[in-house]
Amino acid sequence: MKLLVIEDQMELSRSICAYLKKDNFICEPAYNFNDAMERIQTKNYDCILLDISLPMTNGQMGNGLHILNELKEMGKVDGVLIISAKNSLNDKLEGLNLGADDYLSKPFHLPELSARINAIIRRKSFEGKNKIMAGDLVIHLQDKIVKGKNGEIDLTRKEYELLVYFASNINKVVTKEAIVEHLWGEQIDLNDNHDFIYTHLKNLRKKLVQAGCADNIKVVYGMGYKFTINEQP
Amino acid sequence: MKLLTRYSLINLLVMVVIFFVSSLTLFLFIKVILLREIDGDLGGIETKIKEYVTQYHALPNLYALDEEQINFYPTGEQPAAREFEMIRLYSNREKKMHNFRKISFPLRFNNNWYKVTVAKPLEGMRHLSHTLLTISVFTILITILIAIVINRFLLKRLWKPFYHSLEVMRNFKLGKTGTPVFPKTTIQEFAFMNESLLMATEKAEQDYLLLREFTENASHEIQTPLSIIRSKLDMMIQEEDLSHKQSELARSAYTSVKKLTRLNQSLLLLAKIENHQFEATEVINLKGKIEEKLEQFSELWESQHIKVCHELEEVTVYINPELLDILLNNLLSNASNHNIPFGHIFIKLEGSKLVISNTGFAGALDQKRLFTRFYKQSLNSNHNGLGLSIVKQITRVSLININYLFASGLHSFVLNW
């Protein structure tokens, strides 16, 4: 999978690339407008991360929306994920209207970013990819069905979403906080009480084990959880 | 009281006083002059009588038809010296008592002393005062009438630019209406006033825009480093050999980043609401919306063992959907966060009223400071104290009335629209 990360903040760009690298993603960073333009004109990417508030360069109208426009004209707008420091509905609507696939406002959790990118790529390459294979598990995204060794596993909506989220962050430590934000949204101010996700996790793990799968969800002390799958030889 | 009314009143009062004083003065002066005239006449008669007596050695004859009433009183000794006085006498001509001016002077005749009195009626004086009074009253009435007419038309016209400017200022809203346009006027004071008002409003508008820009920019600028910190933390915890101590450190760093993020987002949201960036409203089924929220919060409440009772009627509201979402989130989060384990939340929606009540540890909250920014029950609270001020701002721009009540252990927020 080839990924273009258009982000002027070098440090953030590096983190994103480092996090995604392990997932068979090849990340190409573009730190400025010209660099980004050059790359989108010469290459094709599976997904493009675009910081909409890219600063102007050399007095050019060099912001993210301009790049998005350019992508639209080239017919490459499919697979664009906008990241923005402005959490504004107008920006979001404008970006989505121009054909972007999704919108994520800063500051985001890297697991969340990974989940969004995976979702975009799955959507884009629909055929054959509408299911995720994760160890013993097969997640059928279209029907929202999970199958284990012993057949279908009956999951609640939250448990299903949780599993898909983990599947997008295989072998990564994911904080409880990031899980809560993913499942319940940012708006709910939860008093730093993340205990209630424990019930969901416990149930999910139990169901997976009952279905004959390995207990792949590990607790990482004081941090969160990790969905581990040993690389198949 | 209106300026013009007040002005007219003072004007009238002063005019009435001036007219009375001037009439009185005029009356007194004329009276003095007339008296002097009459006294002169009486003096003339005195001279004539004395001349007559010297010439003819007899008292002059008196004619009943004379206007003056002349009397001679023989006195043994020399009478008092010449004097004038006012008396009331019976007037032959008018057949009634009347004011007279009388002169009495001594006269020596045939070795006898006489006291001579000559009295002249003061009818003219009375007529004069009547006339003066009538003229005064008429003049006052006419003046008042003219003053009213002048105030009505002339003053109103003269002050028109002032009232116009007042209207313009009244309609002026910071950050919403742009620079006010004042009517042109040739009157120097008004022109000066308009100029000053324009300068003040332009400055305020400019400062407001700068502040608005600053708040937004500052918040946006903070987002980027925050996302870098968070991404670095996300990367750090991926390390295989993280010790417990390091995990703890990362944990608290995460918590602080989250707090800072929330604080920043709240401030940005407040700025946006104040900048009227949520203008678009639509009709929303409030019952449906609340049910959606109940669904979202249900697991949280379950884990906190909070029991929720709700009574919802079909109600539609006209509001910005984003703001409604935030409003309900904040109120419900508030009701959960400040609740007690095994506590209750009551939600009642009827007519144009929504009541959200919850049990809680604390007693009644400070009504006055409740909705102010950074108000916290305790200093070590985990909340940034902006939730309720956001609620307040949202209700303000959405024309909803919000009140806090505390009764029988229940904290209630009552929304009326």
Side-chain angles (χ1 to χ4, degrees), chain A residues 7-16 18-19 22 51 53 83-90 104-114 158 169 171-178 180-181 183-200 220-224 226, chain B residues 216 219-239 242 244 247-248 250-251 254-255 257-262 264-266 268-269 272 277-278 280 293 296-297 299-304 322 325-326 328-330 332-334 336-338 382-384 387:
Chain A
E7 165 64 64
D8 60 305
Q9 298 292 322
M10 218 174 273
E11 281 305 320
L12 184 60
S13 185
R14 274 186 197 147
S15 297
I16 292 171
Y19 189 86
K22 293 177 194 165
D51 184 356
S53 37
I83 44 180
S84 167
K86 286 185 191 173
N87 183 14
S88 98
L89 189 69
N90 280 346
L104 191 58
S105 58
K106 290 182 192 175
F108 45 79
H109 293 274
L110 289 179
E112 182 67 34
L113 182 71
S114 172
K158 283 275 189 296
N169 291 284
N171 293 331
K172 297 271 165 53
V173 179
V174 179
T175 59
K176 291 180 197 167
E177 192 186 351
V180 168
E181 268 192 30
L183 293 187
W184 283 274
E186 267 181 276
Q187 291 305 322
I188 302 176
D189 189 358
L190 291 167
N191 212 359
D192 296 324
N193 173 6
H194 301 145
D195 296 338
F196 63 98
I197 65 163
Y198 176 71
T199 325
H200 291 286
V220 179
Y221 174 78
M223 277 287 114
K226 189 172 181 176
Chain B
E216 281 215 50
S219 296
H220 289 148
E221 288 308 315
I222 291 168
Q223 303 279 59
T224 304
L226 272 177
S227 56
I228 293 175
I229 298 173
R230 189 173 263 184
S231 73
K232 295 297 163 196
L233 285 169
D234 282 343
M235 285 314 292
M236 194 181 106
I237 61 166
Q238 305 306 331
E239 297 296 325
L242 223 55
H244 278 191
S247 296
E248 280 307 318
R251 183 76 254 140
Y254 263 121
T255 310
V257 168
K258 189 184 174 189
K259 258 189 208 168
L260 197 53
T261 306
R262 282 209 176 283
N264 197 39
Q265 280 168 349
S266 299
L268 189 58
L269 180 65
K272 279 186 186 168
Q277 285 178 29
F278 297 98
K293 285 286 151 207
Q296 266 184 43
F297 277 83
E299 277 158 308
L300 172 69
W301 287 329
E302 225 170 89
S303 76
Q304 291 186 327
E322 254 185 291
D325 201 62
I326 299 165
L328 291 174
N329 276 338
N330 280 12
L332 292 175
S333 298
N334 206 54
S336 347
N337 291 340
H338 298 286
N382 262 328
H383 308 282
N384 56 28

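No hydrogens, no waters, no symmetry mates; every other heavy atom, side chains included, goes into these values. Each chain gets a letter, A, B and so on, in the order its sequence line appears, and its residues count up from 1.
The OG1 atom of Thr224(B) lies 7.5 Å from the CG atom of Asp8(A); values are rounded to the nearest 0.5 Å. Separation of atoms CG (Leu183(A)) and CD (Gln296(B)) is listed at 11.5 Å; rounding is to 0.5 Å. To the nearest 0.5 Å, atoms CD (Gln238(B)) and OH (Tyr19(A)) are separated by 5.0 Å.
At a threshold of 4.5 Å between non-hydrogen side-chain atoms, the residues Leu226(B) and Lys106(A) do not count as touching. Within the 4.5 Å cutoff, no side-chain heavy atoms of Ile237(B) are placed close to those of Val220(A). Side-chain contact between Arg251(B) and Glu177(A): present, with at least one pair of heavy atoms (C-beta onward) separated by less than 4.5 Å. Residues Gln223(B) and Phe108(A) have side chains not in contact (no heavy-atom distance under 4.5 Å, counting atoms from C-beta outward).
Ranked by heavy-atom pairs under 4.5 Å with chain B, the first of Lys172(A), His109(A), Glu11(A) is His109(A). In terms of heavy-atom pairs under 4.5 Å with chain B, the best-connected choice from Met223(A), Arg14(A), Lys226(A) is Met223(A).
Proximity to chain B is limited to the side chain of Gln9(A), based on heavy atoms less than 4.5 angstrom apart.
Checked for salt-bridge contact, Glu181(A) and Lys258(B) miss the test: no charged N lies under 4.0 Å from a carboxylate O.
Listed by chain and number, the residues in a salt bridge (Lys or Arg N to Asp or Glu O under 4.0 Å) with Asp234(B) amount to none (sequence neighbours excluded).
For Ser231(B) against Leu12(A), the heavy-atom pair with the smallest separation is OG-CD1, 3.6 Å. The nearest pair of heavy atoms linking Met235(B) to Ser15(A) is SD-O, 3.7 Å.
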